[in-house]
2 protein chains.
Amino acid sequence: MLNEINGGVCAPQGFTAGAVRCGVKASSPKDDTAIILSSVPCAAAAVYTKNRVKAAPLHVTREHLADGTARAIVANSGNANACAPDGMENARREAAAAAKLLGLAESDMVVASTGVIGQRLNIECIEENLHNICLSENGSDAAENAIMTTDTKPKTAAFEFTAGGKSCKIGGICKGSGMIHPNMGTMLAFITTDCAVSSALLHETLLAVVRRSFNRVSVDGDTSTNDMCVVLANGLAGNAEITEKGADWEALKEALETVCISLAKQIAADGEGASRMLTCTVCGAKDEDTAETLAKSVCSSSLLKAAMFGADANWGRVLCAMGYSGAEFDPEAVDVEFLSERGRIPVCQAGRALAFSEEKAKEILLSDSVEILIDVHEGSGEAVAWGCDLTYEYVKINGDYRT
Amino acid sequence: MLNEINGGVCAPQGFTAGAVRCGVKASSPKDDTAIILSSVPCAAAAVYTKNRVKAAPLHVTREHLADGTARAIVANSGNANACAPDGMENARREAAAAAKLLGLAESDMVVASTGVIGQRLNIECIEENLHNICLSENGSDAAENAIMTTDTKPKTAAFEFTAGGKSCKIGGICKGSGMIHPNMGTMLAFITTDCAVSSALLHETLLAVVRRSFNRVSVDGDTSTNDMCVVLANGLAGNAEITEKGADWEALKEALETVCISLAKQIAADGEGASRMLTCTVCGAKDEDTAETLAKSVCSSSLLKAAMFGADANWGRVLCAMGYSGAEFDPEAVDVEFLSERGRIPVCQAGRALAFSEEKAKEILLSDSVEILIDVHEGSGEAVAWGCDLTYEYVKINGDYRT
C-alpha cells in the first residue's frame, strides 16, 4: 500500500536539497543550479537518452556511476552543455565544484544540465557562486524550481511504502516541457529513496519502470540530448537490503513506478504550450509492445494533437496514427471512444464511424484532461501513453527559444 | 535534356481532363470531382500508402491495376472514403459511374479520394452529377483545382524529353498540404506520359523515383491513409516501347524523377500553414539510406520547424534531430550551415558551435525558402529532403478541420 506524502526528493530520510542563482543564463533572474545530497552513500542507478548526440554531463555521470554508488546530484538549467565548446571539461568542473563544496569525491557526484544546446556553459559563474547554496530538508521545491526551463509548473511526487517491515519513503522531482519524446529517461528526473536496495537490482528495476512511465510521454516527438533519470537509494529506512525479487522488491517497484508515472503525467500536462493533457489507453492488443506502439503513435500525431486543441472529435486521425505506427492490428476491429470527467462518447466501432452528437463530443473534449480509449480486440496487451495538445503557444515558445 | 512545358497532365498526347462540382462536401462551392482520360489504353503503375489503414479507393485501384493497364482516373475531394461506412461499395460505384460515362470497363478506372476520414462518401451526388463534367486538352488545371483540399496553390509540372528518337512528354498534378509524411506516394499524385513503356518497367521506375521525391517530403509526420501516386503511359509519342534499362529508360526515368521532385517540392512549399519551405541536404554519409534518414529526421522535427518559423538559427535542434533519427554517424564530425538566396552562414563545425552573427543568420532565415546543409564527413552518401516550418496557422487549420 502506498501513501502519498509531501517533501519531494527530501521526503526520504537523510536527503537535503537546495538551489542558488549562479547566472548561467545571464538574463534570467531565477535560481539555476540545484544540489540534492544524501548524508550517507547511496546505491545509484540511471538511464540516459538514446539520442546519439548526448550532452557531456551524461558521459561524466555514466563514468561516476560505474561503481553503482553516488552521494549527490548537481544540476543546472539555462544551458544544456550539449554540442558545446569545452563540454566534457566543463561538466567535470561542475561536478568538481560541487564535490569540493560538499566534501565528497568527484566520483560521488551526478551532474546534469538542461537548456539551450550548442553554447558554452558559463562554468566560471557556477564555480564562483555555488558556495552560496543553502541545503535543507525543505529544499526539494527550490531544487525543482532551479531545474525548470519552459516548465510552467513544478513536478514532484513522494510516497511511503513498507519493505522488510520498515517504513520506506521515495520521492522525485523532474523537469520537462519541450523536446519531450523520451527514449530512456526524460529530461532530468531525480528520485531519492531511503529504502535499502542493491544497485544492480535498482538499475534493473529502473529500466522496467521507465519503460512504463517516462518513455510513454510525448510532447513533440523530439528526443532530447539531455534526458536522464537518476535514482539514489541511501538505505536509511533500515530495511534489510533488497537484493533479489520478492515481496520487498515488489513494494519498491510499485513505489518507484508510482513516482515515475506521476512525474511523467505531470510532464505531459505541462507540455510546452499545452492547453489539455491527453491519455491514450490501448487494450486488446496482441501484446504489450503492440499496445505501447499504438498508444504512443496516437499521442505523438501532430494532426490528432491539433484536433484535440480544437476539441474536434476527429477520430479518423486516431486510426490514421495507429495505421502508420508500424504495429500489427486489424483496422476493421478497432473501437475508439473519447472520455473525460464530463462524460464518454464512443465514436468508432469495428473501424467504422458511429453516429454521435458532435455537440456532446465537443463538450467532453473541452476538458483539461482527455482520454482516448482504443480496443483492438486481438488479445490482452495493454498500454497507456501520455501527451498533450498542439497549440499556437507551442509554436510561439519554440519560434524563438534561444533569446 | 529536359524542356519544361505547360499543360500538366494534358501535356502528353492523347490525354484530356476536367472537373465538376458534384456536392461531395455540401458546404464547399468548388469543383470536387476530376477525371483524367487517355484516348487509348495505357501502361499503368501506382504506389500506395504504407499506412495499415488504407482508404477503400486504394484497394479498388490496386485490383484494377493488377493487369498493368488503365485508361482513366476519377478522383474526388471532400471525403477520403477511409474508415467510412460502405467504403468499398462506394469506391466501386464511383469507378463504375465514371466508366459508364466514358464508355470504359470498370477495370480501366483508377479511383482516388481525399478529404475527411470516417464519414460516408456521398456517392449518390457523384452518380447524379458526374455527367456534367467537361473534358478537354486544357483541363489539367481544372482537375488539379478539384482535388485540392487545404492546398493554397495548385501543383503541376510538365516536361518534354526524347526517347527512341521521338519527342515524349510527361506531366503531373498533385494535391497535398496536411497529413503529409508519405511512405510510398503522397496524397494523390497523377502523372501522365505519352512515352511507350512496359507496365512492369514503369512500376519499377516509379518505385525508385518516388523514394527520392514524394517519400522525402514531410509536412507534419502524419502518413495519410489515402496516399497514392499513379502514372499512365499511353505510348502515343510513337517511340519503340521501353522494356528494359538503357538510354531511353534513363531519359524516361530522369523525366519522371524531375516531375515527381517538382511536385514534391510544391507540396512542401504549400504545407499546411507554412510560411517557408525547408530543404535539408545531407552529404558525406556512409550511404544514401543514412543520408536520407538524417535529412528526413531534420525536416520532420517539430522543434526545428518551429525555430525556422521564428527564423532562429537554433542548429542544436538540427543535431538533436539527427541524433534521434536512428542513423549512424559521428556527432563530433558534423558540419552544419544555413543557406538561402540571401546568403549562407556556417553555424556548426565538427559538432561544435561556430561563432556567427545572429543578425546575419536571421536575415538569411527570413527567406521564403531555407536550406540546411549538413556534412557528416564519413563517406559519399547524399540525400535531400523537403519540409516546411511549423506555424500558428498549421494549428489553426487542424484544430477544426472537419467543420
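Per chain, numbering begins at 1; letters A, B, ... match sequence-line order. Excluded from the calculations below are hydrogen atoms, water molecules and symmetry mates; all remaining heavy atoms, backbone and side chain alike, are included.
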Looking only at non-hydrogen atoms, find the nearest pair between [X] and [Y] and report the distance.
{"X": "B/Tyr394", "Y": "A/Ser302", "value": "OH-CB, 3.7 Å"}
{"X": "B/Ala353", "Y": "A/Pro85", "value": "CB-CD, 4.4 Å"}
{"X": "A/Gly316", "Y": "B/Ile117", "value": "CA-CG2, 3.6 Å"}
{"X": "B/Asn51", "Y": "A/Gly323", "value": "OD1-CA, 2.8 Å"}

TODO: Could you tell me which portion of A/Ala84 (side chain, backbone, both or neither) has an atom closer than 4.5 angstrom to a non-hydrogen atom of chain B?
DONE: backbone

Open item on the list: As an exercise: rank A/Asp389, A/Leu319, A/Asp330, A/Val334 by heavy-atom pairs under 4.5 Å with chain B and give me the winner.
Closed with: A/Leu319

Open item on the list: So for atom CD, which belongs to B/Glu89, do other residues, nucleotides or ligands contribute more than 12 heavy atoms lying within a distance under 6.0 Å?
Closed with: yes

Open item on the list: Taking A/Ala327's backbone N and O only, do any of them form a donor-acceptor pair with B/Arg52's side chain (distance below 3.5 Å, no angle check)?
Closed with: yes

- [ ] Could you tell me which portion of B/Glu332 (side chain, backbone, both or neither) has an atom closer than 4.5 angstrom to a non-hydrogen atom of chain A?
- [x] neither

- [ ] Report yes if some heavy atom in the side chain of A/Val395 is under 4.5 Å from a heavy atom in the side chain of B/Val395; otherwise report no.
- [x] yes

Task: Validation row: A/Tyr324, B/Thr49 side chains within 4.5 angstrom (heavy atoms) - done: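 No. Closest side-chain heavy atoms not under 4.5 Å.
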
